Amino acid sequence: MKNEATPNVKGLLFKVPDFEGPLDLLLHLIKKNQMDIYDIPMAEITTQYIDYLHQLKEMQLDVAGEYLVTASMLVNIKSKMLLPNEQASLQTDVEIEDPREGLVQQLLLHQTFQNAAQNMRGYADERMKLYPREQALVPADASLGKLDPDSCDISALQKAFARLMLKRKVQKPVMRKIESERYFLKDQISRVEKLVKQAKEPLEFDDLFAANAALELVVTTFLALLELVKQGVIKATQEDILGPIKLVSGEVNAI
């Protein structure tokens, strides 16, 4: 009677996870034996490669055809290196092509992709440690303002800010050091709103920024101005192209 507990190994197909192909196996043998990939000893590498294929057959593992094709290629290269070259014996100044060159190029290309895949796996592992925050919904009581149709657009403010930063860079080289946060958007919103409201005449854009102000203060002040313009608290006007931008108090929470 047939023992059902005994597996039928004849129909089983095993996959060796260590090597994903013949080039992977060759690279393993080269690294294991500390061989020079640019000067591969063909006799030794061919012997070890074929011995490994014999071990797979003894373990009743199916050997893919690509492994056998590579084995025949190694034997062919080995035989070419053992045979004397008649052209070399006649002309000593002729550069003889190394039969291993094609194999070396394949191994180098495979190694490049192998290293890239390993780096990608590392990036994927690092990404798995991160948990993205879901996008928050806009609060129901939020007051979303929009620009006054008679005021200048955001692009004009951005261009004015770019000219201001260029002027500061030309006048004084920027020297920075890492410090803790000192300026907060909420404080600058209150400051800019107060300056514009208390001004007896329209306040020019450049007047918001002191010449010796820190870069963090300049950026925070500009963000505060954008928020106030968006809410309609401040109205920005520009009569001429590239002319001065003037700031006046607008209607609060203009919609």
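The analysis underlying the following values was restricted to heavy atoms, covering all of them including side chains, and did not include hydrogens, waters or symmetry mates. Predicted model, so just to flag it, every value in this text is computed and none were measured. One-based numbering along the sequence shown.
When every heavy atom of Q48 is checked against every heavy atom of N33, the shortest pair comes out as OE1-ND2, 2.8 Å. The two atoms that bring M81 and P99 nearest to each other are CG-CG, 3.6 Å, heavy atoms only. When all heavy atoms of L25 and Y52 are compared, the closest pair comes out as CD2-CD2, 3.4 Å. L203 and D207 get closest at one heavy-atom pair: CD1-CB, 3.8 Å. Nearest heavy-atom pair, S249 versus K197, reported as atom, atom and distance to 0.1 Å: OG-CG, 3.8 Å. Listed here is the closest heavy atom pair of A224 and V192: CB-CG2, 4.5 Å.
If you take OH on Y38 and CG on L107, they are separated by 10.5 Å, rounding to the nearest 0.5 Å. With values rounded to the nearest 0.5 angstrom, L108 atom CG is found 4.5 Å from I37 atom CD1. How far CG of L247 is from CG of L195: 10.0 Å, rounded to the nearest 0.5 Å. In this structure, the separation between CG on L27 and CE on M35 is 12.0 Å, given to the nearest 0.5 Å. One distance of note links CD of Q106 with CD of E101; it measures 11.5 Å at 0.5 Å rounding. Between K31 atom NZ and L26 atom CG the span is 12.0 Å, to the nearest 0.5 Å.
The closest side-chain donor-acceptor pair between Q188 and R191 falls under 3.5 angstrom. Q114 and Q118 form no side-chain donor-acceptor contact under 3.5 Å, judged by distance and modelled atom types alone.
With S72 contributing its side chain and V69 its backbone, the two residues share a donor-acceptor pair below 3.5 Å. Side-chain atoms of D98 come within 3.5 Å of backbone N or O of R100 as a donor-acceptor pair. Side-chain N or O atoms of Y67 include none that pairs as donor or acceptor with a backbone N or O of Y49 at under 3.5 Å. Using a distance-only test at 3.5 Å, with no hydrogens or angles considered, a donor-acceptor pair links the side chain of N115 to the main chain of Q111.
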query: Could you walk me through whether L103 and M42 pass the side chain to side chain contact (heavy atoms under 4.5 Å, CB included) check?
result: CA-CA 11 Å; L103 175 62; M42 293 307 304; 4.2 Å; yes
query: Do I50 and H54 pass the side chain to side chain contact (heavy atoms under 4.5 Å, CB included) test, and can you show the C-alpha distance, the side-chain angles, and the key distance before you say yes or no?
result: CA-CA 6 Å; I50 295 177; H54 287 320; 3.4 Å; yes
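Hydrophobic clustering keeps L109 apart from L29 (ILVMFWY residues linked when any side-chain heavy atoms are closer than 4.5 Å, directly or through intermediates). Connection of I189 to V248 is not established within any shared hydrophobic cluster, with ILVMFWY side chains joined at heavy-atom distances below 4.5 Å, either directly or through further cluster members.
Residue pairs meeting the ring pair (Phe, Tyr, Trp, His ring centres under 6.0 Å) criterion with at least one partner in residues 218-245, sequence neighbours excluded, are F161-F222.
For the pairing with L223, the side-chain contact (heavy atoms from CB on, under 4.5 Å) check across T220, L225, V219 returns one residue only, V219.
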